[in-house]
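Input: a single structure, listed below in structure tokens.
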Amino acid sequence: MTTRVPLIGITAHASLVADGAGVEVLHYVAPVAYVKAIRKAGGVPVLLPMGSADDAMAGLARVDAVLVTGGDDVNPDRYRAEPAPETKAADPARDDFEIALISAAVRDDRPMLCICRGIQVLNVALGGTLQQHYDGHFDLPNYNEGIHDVKLEPGSMLAKVMGATQVAVNSLHHQALDVLASQLVAVGHSDDGLVEGVEVLGCGFALGVQWHPELLRHRPEHLALFEALVAAGA
Ligand code: MN
């Protein structure tokens, strides 16, 4: 019997890309670092281009696990709030696709890792809200360094996977979770009190992190998140 390497679906959003003639054409894209992290963890990455809710279901049915990527802000109307001046809403179609994908993955107990914007969409998809702006958590020059600590709940899945109860993380977000969805459990906190790690109640492996472990994949404890996702999909 041959071993089947898990196929990990990575969400891909719409973005204008300049082609060879300098013409900007709409593409479905995902940052290279997510693909590299999945490969380094032993999985086969495949992009899930955004589309309708039916497209989300069709993609979800064919992959072994899902990775929800970072990006621009969730439109505040998705959590019944007026936009703050600092909010830079992403494509509403991206919100719709990812909310449909995440809702189905939770309902069907599929392995899932939600990163940065991903943890925010996860919270919104399950009924939570976001803080629309929070200072001190956007440090682009140190994108692949640990710049603040996150304390992990002892005994949580996140702590077990990372093999620690405190980890140093990068920070590339200006929004944060506010009211937590009832199906989420906060298992990681920054020293200034932000929720930076969550688990989904009733799911075997569904985690969200506010930092970018794909940019810290040179550190074993962060690569372990992707290894655990691949293992959960096996
Ligand atoms: Mn942070």
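Each ligand, and each atom within it, is numbered from 1 in the order the structure gives. It should be emphasised that the depicted structure is a prediction, and the values quoted were computed from it without experimental measurement.
- Taking the charged nitrogens against the carboxylate oxygens, D64 and R4 do have a contact shorter than 4.0 Å, which makes a salt bridge.
- Because the distance cut-off is set at 2.8 Å, S171 qualifies as a neighbour of the Mn ion (ligand 1) through one of its N, O or S atoms.
- R39 CZ: 12 or fewer foreign heavy atoms inside a 6.0 Å radius.
- Rounding to 10 degrees gives 180° for the angle at the Mn ion (ligand 1) between NE2 of H148 and NE2 of H173.
- Looking only at N/O/S atoms, E196 comes nearest to the Mn ion (ligand 1) through OE2.
- Using modelled atom types, one finds a donor on one side chain and an acceptor on the other under 3.5 Å when comparing Y134 with D192.
- H137 contributes atom ND1 as its closest N/O/S atom to the Mn ion (ligand 1).
- A side-chain contact (heavy atoms from CB on, under 4.5 Å) with R78 is found for one member of V121, I99, T129 and no other, namely I99.
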